[in-house]
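Side chains are part of it too, since the values below use all heavy atoms of this structure and drop only hydrogens, waters and symmetry mates.
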Amino acid sequence: MTVEDLIARLKALPPKTQVLVEGYENGFDDLVDVRAEEVVRYRHAQEWDGEYQVANRFANPGGEVLQVVVILGRRGSMR
């Protein structure tokens, strides 16, 4: 994905939308997708966990559900 492609995708979203990136491990991959997610702050995150988790992971999220944009890398599903 190019900067031009990314800008076009982001322009379609509300300007105050928070943007998150995949966490954990090291290195960089090509950007393959930008998608909306509902997340909550993960209260029990360890050093290797992301600060947020998808809201539907929990039966009772116990916190505010946030509408965010996540930028995904090519091998993000392997994390």
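- Clustering of Ile, Leu, Val, Met, Phe, Trp and Tyr side chains at separations under 4.5 Å leaves Val54 isolated, with no partner residue.
- The minimum heavy-atom distance linking Asp33 with Arg9 is given by the pair OD1-NH2, 3.0 Å.
- Within the 4.5 Å cutoff, side-chain heavy atoms of Leu13 are placed close to those of Leu10.
- The closest donor-acceptor contact from the side chain of Arg43 to the backbone of Gly63 lies at 3.5 Å or more, if one exists at all.
- Closest approach of Leu72 and Leu31 over heavy atoms only: O-CD1, 3.2 Å.
- Using a 4.5 Å cut-off between side-chain heavy atoms of Ile, Leu, Val, Met, Phe, Trp and Tyr, Val65 falls into a hydrophobic cluster with Val40, Tyr42, Phe58.
- The minimum heavy-atom distance between Ala45 and Gly50, with the atom names listed, is CB-O, 3.8 Å.
- Legend: residues meeting side chain to side chain contact (heavy atoms under 4.5 Å, CB included) with Glu51, ordered by chain and number and at least two apart, are Arg41.
- By the 4.5 Å heavy-atom criterion applied to side chains, Leu66 and Tyr52 are counted as neighbours.
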